[in-house]
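Taking it in order: structure first as structure tokens, then the write-up.
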Protein chains: 2
Amino acid sequence: MSQTVDRALSILPLLAEGPADLGQVADRLGVHKSTALRLLRTLHEHGLVYRQSDQRYRLGARLIALAQEAMENLDIREIAHPHLVKLNEQCGHTVHLAVYEEDEVLYIDKVESRYPVRMYSRIGKPVAITVAAVAKLLLADLPEPERRALADKLDYPVYTTRSTADAPAFLRELDKVREQGWATDLGGHEESINCVAAPIRGAEGRVVAAMSVSAPNVVVTADELLTLLPLVRRTADAISGEYSGRTSPKGTV
Amino acid sequence: MSQTVDRALSILPLLAEGPADLGQVADRLGVHKSTALRLLRTLHEHGLVYRQSDQRYRLGARLIALAQEAMENLDIREIAHPHLVKLNEQCGHTVHLAVYEEDEVLYIDKVESRYPVRMYSRIGKPVAITVAAVAKLLLADLPEPERRALADKLDYPVYTTRSTADAPAFLRELDKVREQGWATDLGGHEESINCVAAPIRGAEGRVVAAMSVSAPNVVVTADELLTLLPLVRRTADAISGEYSGRTSPKGTV
DNA sequence: AATGAACGTTGCACAGAATGCAACGGATGC
DNA sequence: GCATCCGTTGCATTCTGTGCAACGTTCATT
């Protein structure tokens with residue numbers, strides 16, 4: 001809507017790919033160098049862009065700090081965290097918390113596995129939306145037209161032979177997930193990693209977040225992981241209760 | 001330099017404080033509502049701002065994802081990480097990696113303590129710059145005029161009785177740190193937490209990052225923590241060597 | 001040492017884009 | 001049913017962002 005701002009913001013994802021010099025930025029924006037310079041300067045003043053010693057630009061520190069604040073302000077995260085820790089203490093595996101926002105699912109909290117073999121993931125990283133158990137739960141709860149539109153829009157990368165193949169298969173999977181109230185990812189993202197996930201619901205019953213337990217095959221089999229399902233669902237329900245204001249943390253006050 | 005972009009970017013820190021509606025944003029920017037609306041729409045299109053169900057705006061998911069990419073692109077982080085993990089395995093305490101950028105010091109990596117009593121901190125959070133051991137190392141290496149200017153500009157919050165009091169005291173501490181080549185924070189930020197830190201240097205000998213080991217008093221005393229200094233310095237030197245290209249990782253290739 | 005290319009930077013005239021206004025519409029509350 | 005509040009839209013004005021051309025550096029080449 002605003003050309004100048006639009007151009008300026010387009011620089012950010014561009015720099016996220018790696019450092020770039022003025023000319024490269026100007027070229028990729030399709031504007032004159034002097035224009036790119038002024039935009040970069042403005043971004044720089046706000047700390048979103050940093051100029052490294054070789055004169056090239058890269059994303060700046062304030063961006064990281066801002067994102068940090070953004071996450072810490074998510075109240076679901078605040079409420080869920082102690083529950084995630086407790087669950088991790090009980091089962092020992094990696095625990096994730098994820099939310100959906102504008103066609104993306106992303107992890108907003110994580111408690112690391114206590115086993116030496118760990119799964120790679122990072123808070124803030126967008127989730128493999130077509131296969132992750134938490135993504136299925138979050139998308140399954142979308143209104144039907146929106147869900148269908150999104151499913152059509154998505155790519156379906158073949159991470160493994162068990163990855164979701166296409167939109168129809170995905171929509172079928174979502175229906176199943178919505179009905180049963182929980183989801184799994186059995187080697188759909190990485191051959192040797194399985195996840196079980198459960199939804200966290202707000203006051204009106206809408207799914208506001210999802211949590212999962214993940215573990216590699218070498219630690220527990222898929223069947224063993226599934227035995228944790230009741231525990232995961234209980235934890236998710238406890239968070240739901242607290243988030244929607246029905247119960248207070250650990251019976252406090 | 002660019003008014004429109006400047007205004008748009010000013011919205012981000014504003015929203016970082018918490019969600020706000022259109023009127024609030026317009027007021028705090030000192031612009032007309034319609035102007036604020038257009039700026040917010042542009043930010044929204046880029047995913048930096050999200051409109052929650054109550055119509056208010058808050059920071060968006062893409063911001064978090066961008067920050068994530070920004071961090072993963074820092075090659076010092078890439079190189080240092082395995083060393084941090086190894087150090088953590090050896091001593092069990094929390095290990096931090098931090099960099100300096102434009103008047104701020106921030107953690108860019110962290111390996112959690114294996115002890116139950118942990119120190120609070122988060123990757124991406126700006127560090128208490130006047131007391132943290134890593135901050136001292138990074139600032140001590142700045143060119144003298146810049147260092148002095150920054151010291152004058154800073155606030156000196158009294159976290160504890162051992163916090164750095166003012167600019168002169170800070171500059172003296174920095175001189176000491178530069179001379180000895182390592183730094184500590186003994187209860188300067190939180191009464192019961194101590195840190196030992198060592199610098200990581202690039203090819204030209206400049207300090208490009210700093211790492212620290214932190215532990216609360218209840219786990220180890222300050223004196224015990226100090227016995228880890230040689231180990232911390234050796235780790236930092238190993239990272240320095242690899243970063244500046246003098247040595248290859250674990251003798252590979 | 002001298003030449004030339006590549007890149008970042010500056011000042012300026014012009015045009016186009018951003019601005020504030022006023023009016024509209026929908027929701028909420030009295 | 002009326003009044004208020006808030007977000008939204010279209011439009012005329014003008015201020016701001018734009019591209020151009022020229023300059024200054026740095027670096028590589030001959």
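Order of the sequence lines sets the chain letters (A, B, ...), proteins ahead of strands, with each chain counted from 1. These values consider heavy atoms only, across backbone and side chains, with no hydrogens, waters or symmetry-generated copies.
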Please work out if [X] contacts a base, only the sugar-phosphate, or nothing of the nucleic acid, heavy-atom cut-off 4.0 Å.
X	answer
Arg56(A)	nothing
Ser34(B)	base
Arg51(A)	sugar-phosphate

Rounded to the nearest angstrom, tell me the gap between atom [atom1] in [X] and atom [atom2] in [N].
X	N	atom1	atom2	answer
Gln3(A)	dT18(D)	CD	P	6 Å
Leu22(B)	dG20(C)	CG	P	13 Å
Leu40(A)	dG8(C)	CG	P	10 Å
Asp21(A)	dC7(C)	CG	C1'	8 Å
Asp54(B)	dT28(C)	CG	C1'	15 Å
Gln55(B)	dC6(D)	CD	P	12 Å
Asp27(A)	dG8(C)	CG	P	10 Å
Leu39(B)	dG20(C)	CG	C1'	13 Å

Carboxylate-amine/guanidinium proximity below 4.0 Å for [X] and [Y]:
X	Y	result
Glu101(A)	Arg51(B)	no
Arg172(A)	Asp175(A)	no
Arg178(B)	Asp141(B)	no

With the side chain of Tyr57(A) defined as its heavy atoms from C-beta on, choose the nearest nucleotide among dT8(D), dA18(C), dT9(C).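 Within the option list, the nearest is dT9(C).
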Tell me which nucleotide among dG7(D), dA18(C), dT19(C) gets nearest to the side chain of Thr4(A).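 Closest nucleotide to the Thr4(A) side chain: dA18(C).
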Reckon [X] has a side-chain N or O less than 4.0 Å from the OP1 or OP2 of [N]?
X	N	answer
Arg7(B)	dT19(C)	yes
Arg38(B)	dT8(D)	no
Thr35(A)	dG17(D)	no
Ser2(B)	dG17(D)	yes

When you measure from the side chain of Gln24(A) to the backbone of Asp21(A), do you find a donor-acceptor pair of N or O atoms at a distance under 3.5 Å?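 Indeed, once roles are kept as given, a pair shorter than 3.5 Å links the two residues.
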Just by modelled atom types, is the Ile108(A) backbone N or O under 3.5 Å from a matching donor or acceptor in the Arg77(A) side chain?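 Flag set: sc Arg77(A) to bb Ile108(A) pair under 3.5 Å.
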Starting at the 5' end of DNA chain C and moving along, which residue's nearest nucleotide shows up first, His32(A) or Met1(A)?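 Residue closer to the 5' terminus by nearest nucleotide: His32(A).
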Let me spell it out: for each of Arg41(A) and Val5(A), pick the nucleotide of DNA chain C with the closest heavy atom. Which residue's pick is nearer the 5' end?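 It is Arg41(A), whose closest nucleotide lies nearer the 5' terminus.
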Identify, between Lys33(A) and Gly30(A), the residue whose nearest nucleotide on DNA chain D lies closer to the 5' end.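 With Lys33(A) and Gly30(A) compared, the 5'-side residue is Gly30(A).
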